[in-house]
Amino acid sequence: MSDDAKEQIRARVDLAQLIGEQVVLKPAGRGQLKGLCPFHAEKTPSFHVHVDRGFFYCFGCGAKGDAFDYVMRTRGVGFVEALTMLGERTGIAVEPASPRQGRRRDLQEVNALALAFFRQHLDGGPALAYLEGRGLTRATIDAWELGFAPDAWDALLKHALTKGVRDDDLIAAGLLVESDRGRRYDRFRDRVIFPIRDGLGRLLGFAGRVLGDALPKYLNTPETDLFKKSELLYGLDRARAAIRASGEVVVVEGYMDVIALHQEGFPNAVAALGATLTTEQAEVLARLDARRVLLAFDADEAGQRAVLGGLDQSVGRRFLVQAVSVPDAKDPADVVLSGQREAFAAALRTGVSEVAFRFERVVRQHDATTDEGRRAVLEALASALQPRDVFDPVASELRRLVVDHLGLDGERLDAWLAARRPRRLDATAVAGMRRRSSELTPVRVLELEAIGLMLLEPERLRERVQASLAMLPETGDASELVTFAETCERHRYDDAAVVASLNARDGSERVLERILAHATRDASERPLDVDRRLEQQLSRIRELHLATAQARRQERLMTRWDELRRVIEDPSTPADALREAYGELAAIRDVQVAREGERQLQRGGRQRADQRRRGS
């Protein structure tokens, strides 16, 4: 295509009208409009459209671009497709950039001729009786443009020749088969025809279902310049809006399943054109902002696990994937068309989680009751435990399973993951990660040692106790320092009485060790700088208290995340509640991003401080 066509489209397209079809825009100054951003959830408009300059910009999420960028982002298409769509909108012809692209358009015309032929042979034939017998309405049959290929070797070939279409073009479109002897005949014969379109609605090929007992039961268009089976999802042109709105997609195996589900109120259903979801198909769904993928392929649990086992791990890392058990061991179409719509809806809320399946499969290969077995499990799952984003629900769910089932301390696991590149695990390191219910927490150890420091110089005890309390953050957590201050007040800062009282408490050996070590110190040793050491201890204690409070807030966020996910997964959730749930999820993500930035700043500060200490 020429640059001239692009510039003509850019000049002619009405950006305000284009965006206004999805976003309510209001005046925001000369030549500007504003509204709620279509690319992230917000309550106050921060999305601005500069009509005169022909671009948009969101101050909230940073989304920006021109009309081509807007179409690419909202429709999940590439630049060429966006250019073609805007060309049709503005009435400007977009010429193919190469003979190959022209060929693709010619093949679409050949497919359109074939579809019209198949549609003409539907009425009065066995295909219509079959489709209506399965439970499809005539409106559904017409909407999905279902047809019938006659039981003849060359019916389509003869028809196409009368319309001036060469048999070479029919071969190129995959509509004819050529025998070893050079004879050419129709590929689809005596079959119900399902036209296959891409996400933009372009007719790329066909599938045919046999009406008798012949094999194969289903026959697809072979790979052509147009038809790439691994990249296509049947029904996507009709499901894309529902997928984008809900963030959820139901993936089934059969064409009839998709059509039946749409007819019975599941507009986000597509078919994978194969036994599982490919990475190319996953990429298409990711561009539509799909977050959750429900695979309704097999009826029993063994079948579900077979589906998950064959799933590319890159797909499992991009979405929350779940294999669904179809009721009564039937196809989804049979279930919903036999009056069991609610049973299928309920099945979508259960099933085998891909994350749990992956975890269980690894655990079965090792003895997770031993440190060596736990080490092997962690090594196998390490890459999946590493978050791909600031907030990665897949990695978060896997981490929860690892911590709960292997009995590990979450903070120690996180520390290993953060430093995994320079370190390799051994059984001893894994033993150090295990939770010990009776051990002192790091913050309590530091607080007891700080108490020991304060008791080294009784004459300054009151001063240092008050200073330590001033440094404690107001988190509401129990603190040894607070208990120690209360003990000091009760005994009027009599150090002997305070030590006697502490001696009865768990962990008192930490305090006594500090006092004893100081008392037995050699006179030639350098004097201990108690103020400097105490300041370091109290600073670290403050950091740990804040980290603990933040961890609890994080846990509450994750709990709320799970609650929102259940709301989203419930098909009975009203549209308004669904939008609110996604809005709150976006807000949680914003909090996570802010916290990650804060952690990086703190980490950088600590590293610089360490460098200064080493330099001095």
Side-chain angles (χ1 to χ4, degrees), residues 127-144 146 192 194 196 207-211 213 216-218 233-236 238-239 242-243 245-277 281 285 290 292-311 319-354 357 566 568-573 578:
L128 181 60
Y130 165 78
L131 294 169
E132 291 180 337
R134 288 292 301 272
L136 297 185
T137 66
R138 185 57 195 251
T140 295
I141 293 170
D142 290 339
W144 289 81
L146 305 184
V192 179
F194 300 84
I196 300 176
R209 187 197 189 283
V210 70
L211 288 176
D213 297 326
K217 183 178 179 180
Y218 278 96
L233 289 161
Y234 181 69
L236 184 63
R238 295 176 174 275
I243 294 171
S246 67
E248 179 177 291
V249 57
V250 179
V251 182
V252 294
E253 196 169 2
Y255 307 103
M256 275 294 297
D257 295 329
V258 174
I259 298 172
L261 289 174
H262 277 254
Q263 176 178 293
E264 299 303 317
F266 298 91
N268 59 337
V270 297
L273 277 69
T276 189
L277 201 63
Q281 291 164 340
L285 294 176
R292 187 164 178 263
V293 176
L294 305 175
L295 302 177
F297 283 174
D298 285 83
D300 57 13
E301 184 171 340
Q304 297 170 47
R305 294 183 179 277
V307 168
L308 293 176
L311 190 69
F319 313 99
L320 286 168
V321 181
Q322 182 174 311
V324 176
S325 177
V326 182
D328 298 329
K330 297 179 179 178
D331 292 334
D334 294 330
V335 174
V336 298
L337 293 176
S338 63
Q340 299 183 68
R341 182 194 183 282
E342 294 307 316
F344 185 78
L348 294 180
R349 298 192 290 272
T350 61
V352 178
S353 160
E354 191 275 339
F357 168 78
R566 286 193 290 272
I568 291 169
E569 292 170 0
D570 187 348
S572 65
T573 300
L578 201 60

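Residues take their numbers from the sequence shown, with the count starting at 1. Note that this is a predicted model, so its numbers are computed, not measured.
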Exercise for review: Might you work through the side-chain contact (heavy atoms from CB on, under 4.5 Å) test for Arg238 and Val258, ending with a clear yes or no?
Suggested key: CA-CA 10 Å; Arg238 295 176 174 275; Val258 174; over 6 Å; no
Practice item. Check whether any side-chain heavy atom of Gln322 lies under 4.5 Å from a side-chain heavy atom of Leu295, and answer yes or no. Key: no
Review point. Out of Leu348, Asp257, Val250, which residue meets the side chain to side chain contact (heavy atoms under 4.5 Å, CB included) rule with Phe266?
Key: Leu348
Review point. With distance as the sole test, does Gln263 use its side chain to make a donor-acceptor pair with the main-chain N or O of Thr137 at under 3.5 Å?
Key: yes
Exercise for review: Carefully, step by step, assess Val293 and Leu320 under the rule side-chain contact (heavy atoms from CB on, under 4.5 Å).
Suggested key: CA-CA 6 Å; Val293 176; Leu320 286 168; over 6 Å; no
**Study point:** Under the side chain to side chain contact (heavy atoms under 4.5 Å, CB included) test, residues paired with Ala343 that sit two or more places apart
**Key:** Pro327, Gln340
Check your understanding: Looking only at atom types and distance, does a side-chain atom of Asn268 sit under 3.5 Å from a main-chain N or O of Ala239, one as donor and one as acceptor?
Key -> no
Exercise for review: Would you check if Leu261 and Val252 make a side-chain contact, meaning some heavy-atom pair closer than 4.5 Å?
Suggested key: yes
Check your understanding: Quick check: does any side chain N or O of Thr140 sit under 3.5 Å from a backbone N or O of Leu136, one acting as donor and the other as acceptor?
Key -> no
Review point. With a 4.5 Å heavy-atom cut-off, do Met256 and Tyr218 have their side chains touching?
Key: yes
Check your understanding: With a 4.5 Å limit on heavy-atom distance, are the side chains of Val326 and Asp331 in contact?
Key -> no
Study note, to complete from the structure: Contacts of Arg341 meeting side-chain hydrogen bond (donor to acceptor under 3.5 Å, both in side chains) (sequence neighbours excluded), chain-then-number -> none
Point to revise | Residue pair Leu233 / Leu277, side-chain heavy-atom distance below 4.5 Å | key: yes
Exercise for review: Verify side-chain contact (heavy atoms from CB on, under 4.5 Å) between Glu253 and Leu273, making sure each step is shown before the conclusion.
Suggested key: CA-CA 6 Å; Glu253 196 169 2; Leu273 277 69; over 6 Å; no
Review point. Can you name the side-chain hydrogen bond (donor to acceptor under 3.5 Å, both in side chains) partners of Tyr255, sequence neighbours left out?
Key: Asn220
Exercise for review: Check step by step if side-chain contact (heavy atoms from CB on, under 4.5 Å) holds for Leu236 and Ile243.
Suggested key: CA-CA 9 Å; Leu236 184 63; Ile243 294 171; 4.0 Å; yes
Point to revise | Distance-minimising heavy-atom pair for Val192 and Ala127 | key: CG2-CB, 3.8 Å
Check your understanding: Can you name the closest pair of heavy atoms from Lys330 and Ser338 and give their distance?
Key -> NZ-OG, 4.0 Å
Check your understanding: Is any side-chain heavy atom of Phe194 closer than 4.5 Å to a side-chain heavy atom of Ile259?
Key -> yes
Review point. What is the ring orientation for Trp144 with Tyr234, classed by angle as parallel under 30°, tilted 30 to 60°, or perpendicular over 60°?
Key: tilted
Check your understanding: Can you tell if the side chain of Leu294 reaches within under 4.5 Å of the side chain of Val251, non-hydrogen atoms only?
Key -> no
Exercise for review: For Glu264, check side chain to side chain contact (heavy atoms under 4.5 Å, CB included) against everything at least two apart and list the hits.
Suggested key: Val336, Leu337
Exercise for review: Could you tell me the separation between the CD atom of Glu248 and the CZ atom of Phe319, rounded to the nearest 0.5 Å?
Suggested key: 12.5 Å
**Study point:** Val324 and Arg349, any side-chain heavy atoms less than 4.5 Å apart
**Key:** no
